[in-house]
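Beneath this line is the structure, given in structure tokens, with notes to follow.
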Amino acid sequence: MGTALVTGATSGIGLELAWQLAEAHHDLVLVARTRERLERVATQISQFAGVGVQVIAADLSIPDDVARVADRLRVGSPAPGVPVGAAGAEGAADAPHTAAQVAARPIDLLVNDAGFAVGQPFATGDIAQERRALNVMVGAVLELTHAAVPGMVARGHGAILNVSSVTALTAMGTYAAHKAWVRTFTEGLASELRGTGVTATVLNPGLTRSEFHDRAGMDADWPDMAWLRAEDVARAALAAVRRGQVICTPSLRYLGVNALLRIAPRGVVRRVAGHASVRTRY
């Protein structure tokens with residue numbers, strides 16, 4: 001049994017990932033902005049799945065909050081000069097069931113899921129909103145991954161799961177740009193980590209039924225066949241992590257979309273993305 005830290009853990013894909021990890025008997029560290037929702041989700045998961053849950057209320061657009069989560073990810077990392085395996089190995093067979101016990105355990109899986117739709121055109125939009133999006137979907141992913149990886153490598157095992165999007169291959173504004181960075185970053189990280197026992201997986205979901213799209217007002221803009229279920233996306237993502245798969249694009253239809261985006265002339269992609277951006281408001 002391991003311990004997973006999940007950002008964006010109170011809704012959508014992040015919430016579903018947390019539940020499925022708990023059902024697989026992993027202790028959890030849940031990160032989201034609203035403490036009340038975190039506490040409610042933690043209580044439900046702990047009671048129904050019988051695992052330990054620690055919560056960290058943090059706004060990942062704020063550097064100090066990111067630093068607090070990064071500090072949690074460094075728990076159990078060997079100090080300089082300490083042999084590999086000498087730190088964080090205790091209690092591996094005994095699952096803790098209190099938040100305090102979970103807080104003392106090293107993180108075996110980091111899930112960077114936090115994100116939101118920017119919801120505005122770049123040229124006329126609020127630059128503060130753009131900074132928040134950049135901080136959450138790029139800056140926090142960079143900082144938290146950098147905090148987690150050294151300890152995982154020293155322990156000889158661990159995994160990073162970064163949530164990107166099919167939009168990473170489009171030209172749908174700064175949201176797509178951020179997700180393109182996540183995809184490329186994760187692929188590069190996977191290459192760097194080869195042979196260490198630590199893996200990196202990037203998840204590229206298409207339209208998924210969740211609060212993410214509800215908040216952006218996208219629900220009525222696309223036919224039912226375009227939508228995925230969060231539980232199916234999470235299941236595919238965790239299966240990919242277990243296999244050490246680098247790129248995971250759930251569902252045959254979005255694998256097809258992914259393939260088309262890769263071979264289509266970029267001019268065509270830009271024109272199509274322009275029309276789609278009006279509908280999706282990413």
Side-chain angles (χ1 to χ4, degrees), residues 4-24 26 28 30 109-117 136-137 141 145 159-172 175-190 199-216 218-219 221-264 269 272-273 276-277 279-282:
L5 186 147
V6 183
T7 71
T10 56
S11 65
I13 295 171
L15 176 59
E16 188 59 39
L17 284 164
W19 271 105
Q20 291 189 21
L21 285 163
E23 289 166 359
H26 293 277
L28 297 171
L30 304 181
L109 169 64
L110 166 62
V111 179
N112 284 307
D113 174 69
F116 59 92
V136 172
M137 291 183 277
V141 174
T145 302
I160 306 294
L161 173 60
N162 291 330
V163 179
S164 179
S165 168
V166 166
T167 63
L169 296 176
T170 72
M172 296 171 66
Y175 178 87
H178 302 334
K179 292 305 185 181
W181 181 89
V182 170
R183 181 179 177 127
T184 302
F185 167 69
T186 308
E187 288 190 75
L189 180 64
T199 62
T201 299
V202 60
L203 173 65
N204 303 298
L207 293 166
T208 304
R209 297 281 184 196
S210 69
E211 285 185 28
F212 175 96
H213 292 100
D214 291 343
R215 289 170 182 164
M218 300 179 196
D219 191 60
D221 293 333
W222 296 89
D224 286 344
M225 67 174 294
W227 293 92
L228 304 175
R229 300 190 311 162
E231 53 264 43
D232 295 332
V233 171
R235 189 174 300 110
L238 294 178
V241 170
R242 294 183 186 105
R243 291 192 298 268
Q245 182 177 327
V246 177
I247 299 174
C248 174
T249 304
S251 89
L252 289 174
R253 55 186 176 276
Y254 280 110
L255 280 170
V257 170
N258 192 70
L260 285 172
L261 287 169
R262 282 187 171 279
I263 64 175
V269 172
V272 173
S277 293
R279 298 181 70 184
T280 56
R281 295 180 288 279
Y282 277 117

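Counting begins at 1 with the first residue of the sequence. All values derive from a computational prediction rather than experimental measurement.
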What residues form a side chain to side chain donor-acceptor pair (under 3.5 Å) with Glu23, not counting sequence neighbours? none
Is there a side-chain contact between Val166 and Thr249 in this structure, where contact means two heavy atoms from C-beta onward sitting under 4.5 Å apart? yes
Nearest 0.5 angstrom please: Asn162 CG to Cys248 SG, how far? 12.5 Å
Taking the side chain as C-beta and beyond, is there a heavy-atom pair between Thr7 and Val111 under 4.5 Å? no
State, with a plain yes or no, whether a side-chain heavy atom of Leu21 is found less than 4.5 Å away from one of Leu109. yes
Taking all heavy atoms of Leu28 and all of Ala22, pick out the closest pair and write down the distance. CD1-CB, 4.0 Å
So how far is it from Leu5 CG to Asn112 CG, rounded to the nearest 0.5 Å? 8.5 Å
Can you give me the closest heavy-atom contact between Val141 and Thr145, atom names plus distance? O-OG1, 2.7 Å
Does any N or O in the side chain of Asp113 come within less than 3.5 Å of the main-chain N or O of Gly14, such that one atom is a donor and the other an acceptor? yes
Restricting to non-hydrogen atoms, name the atom on Met137 and the atom on Ala114 that form the minimum distance, rounded to 0.1 Å. CG-O, 4.0 Å
Nearest non-hydrogen partners of Ile13 and Leu203, listed with the distance: CG2-CD2, 4.3 Å
Rounded to the nearest 0.5 Å, the NZ atom of Lys179 sits from the CE atom of Met172 at a distance of 13.0 Å
What heavy-atom pair brings Leu228 and Gly206 nearest, and what distance separates the two atoms? CD1-N, 3.9 Å
Do Val233 and Glu16 have side chains that approach each other closer than 4.5 Å (heavy atoms only, starting at C-beta)? no
Can you name the residues that form a side-chain contact (heavy atoms from CB on, under 4.5 Å) with Val202, not counting sequence neighbours? Ser164, Val182, Arg183, Thr186, Asn204, Ile247
Nearest heavy-atom approach of Ala18 to Leu30 is CB-CD2, 3.9 Å
Please step through side chain to side chain contact (heavy atoms under 4.5 Å, CB included) for the pair Leu261 and Thr170, ending with a clear verdict. CA-CA 7 Å; Leu261 287 169; Thr170 72; 3.9 Å; yes
Quick one: are Gln20 and Glu231 in side-chain contact, heavy atoms under 4.5 Å? yes
Atom pair CG/CD of Leu161 and Gln245 - distance to nearest 0.5 Å: 11.0 Å
Can you confirm whether Val246 sits close enough to Thr201 that some side-chain heavy atom of one is under 4.5 Å from a side-chain heavy atom of the other? no
